[in-house]
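First the structure, in the form of structure tokens, and then the observations on it.
Ligands are counted one by one from 1 in listed order, and the atoms in each one are counted from 1 as well.
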Amino acid sequence: MKYLAPIVFFIFFMACKPTQQWSGQGPINVVPTEDKPIKTQVYRDFDLGDGFFISNKMEGGRLNDAKRVNDTLIEVMILPENQPINPSPWYAFKMWSEEEKQLWIRLTYPQNGFHRYYPKINKRGLYYKKLDSTAFHPHYKTLEDGRRQIEFAEAKLWVGTDTLWIAAQDFAGTAYVERWKGKILENDFVEKIEIGQSKEGRPLEILKIGEADDQKMLMAISLQHPPEIPGFLALKSFVETLCEDSPQAKKFRSKYNLYVMPLMNPDGVARGHWRHNVGGVDTNRDWINFNQPEPKALAEFMESKVRETGGEFVFAADFHATWEDIFYTINEDLDGNHPGLIPKLIKRSSRKIPGYDPNIRPSEGMERGVTSSSYFFFVHGAEAMTFEVGDNTPRRLIRQKGETTARELMRILNRK
Ligand SMILES: [Zn+2]
């Protein structure tokens with residue numbers, strides 16, 4: 001009988017406990033962000049016989065092992081930089097053959113489960129194209145909870161003496177982003193600022209766009225998570241639109257300065273990481289502790305900017321990619337430096353895309369959290385959002401979303 005009281009109390013407690021329904025991103029708990037060890041892949045050319053070679057010796061490369069199964073099937077193994085880690089299994093490698101032949105490449109992920117990114121191929125240049133759907137064979141597995149996931153996937157490829165690259169997204173490594181930055185820098189109203197260095201000594205660079213007096217500033221960042229290239233593509237068209245030679249964009253640039261850091265995790269991108277920086281940490285959980293150099297440098301830059309100019313950040317967006325298009329926003333009951341800007345912006349820009357219904361997930365949190373957008377809002381008062389596009393969102397729609405967001409933002413802010 002002596003156990004009855006606590007049991008009755010427990011039942012009473014459970015019945016009274018309000019059921020919480022998350023309409024948005026659940027609470028992201030404060031997690032340790034001190035350095036964790038990572039496992040560096042061995043960079044090498046795998047000689048798989050019969051004149052066929054496969055290699056991870058490239059920027060952005062990820063291929064941990066490779067073996068020949070039979071005459072026409074090669075199996076590759078893809079592993080993360082460390083664990084635990086989000087299931088974003090990035091891969092990128094290249095291959096060539098002394099004799100032109102058709103081969104199947106089987107992508108396997110022994111440590112983390114399943115295949116996620118539809119293969120893209122590249123025969124020359126920086127940009128990869130989707131593999132023809134007839135050449136892609138996913139092998140599904142039904143999990144205990146009934147979900148179906150791709151356990152491994154096979155790609156049918158013609159390989160010859162010319163190198164053929166394959167990757168999880170539209171580019172691999174930092175070269176594509178660097179070339180784009182160079183193009184944006186051709187505008188006379190853009191300058192480059194180095195705000196620090198990554199753990200491996202790569203420059204952390206910001207583009208300053210606009211010729212205003214820094215009283216009203218905006219911030220846009222991408223690629224905290226290396227495979228989230230569709231997020232960078234959205235940022236790219238957002239920024240290009242703000243750089244246009246139109247009366248609207250010129251007016252915007254005379255009143256506002258936009259700061260852009262497109263490559264937040266250069267080491268992770270260069271090393272083909274699934275998610276973390278070289279400190280082995282998800283930098284988007286470090287915007288409160290600042291143990292990692294990349295978020296720390298940006299926060300110091302923003303804070304010094306405010307201190308030196310007396311200005312403020314009115315808007316900030318962090319571009320990512322995930323399974324689907326989502327806008328993670330700040331609790332709508334909280335006001336920053338331009339109350340109502342984000343809901344208005346999402347509503348107006350989405351209306352410009354026929355048939356597009358935005359998926360908006362306002363946070364329920366009232367307090368500062370660990371992510372970039374929480375930092376932007378709670379420390380700077382910048383109206384902030386995490387702009388997530390889907391892994392497979394058509395690139396034309398990504399461009400459109402970046403453009404319409406920039407146009408409507410200018411329309412709203414120019415009126416101020
Ligand atoms: Zn992300």
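With contacts defined as side-chain heavy-atom distances shorter than 4.5 Å, the pair Phe46/Phe53 does not qualify.
Between Phe290 and Trp287, the two ring planes are perpendicular [angle over 60°; tilted spans 30° to 60°].
For residue Glu228, an N/O/S atom approaches the Zn ion (ligand 1) to within less than 2.8 Å.
Taking the Zn ion (ligand 1) as reference, the nearest N/O/S atom within His225 carries the name ND1. In terms of distance to the Zn ion (ligand 1), the nearest N, O or S atom of His320 is named ND1.
Cation-pi geometry between Arg116 and Trp323 is satisfied (NZ or CZ under 6.0 Å from the ring centre, within 45° of the ring normal). Stacking of Lys130 on the aromatic ring of Tyr118 is recorded, both the 6.0 Å distance cut-off and the 45° axial limit being met.
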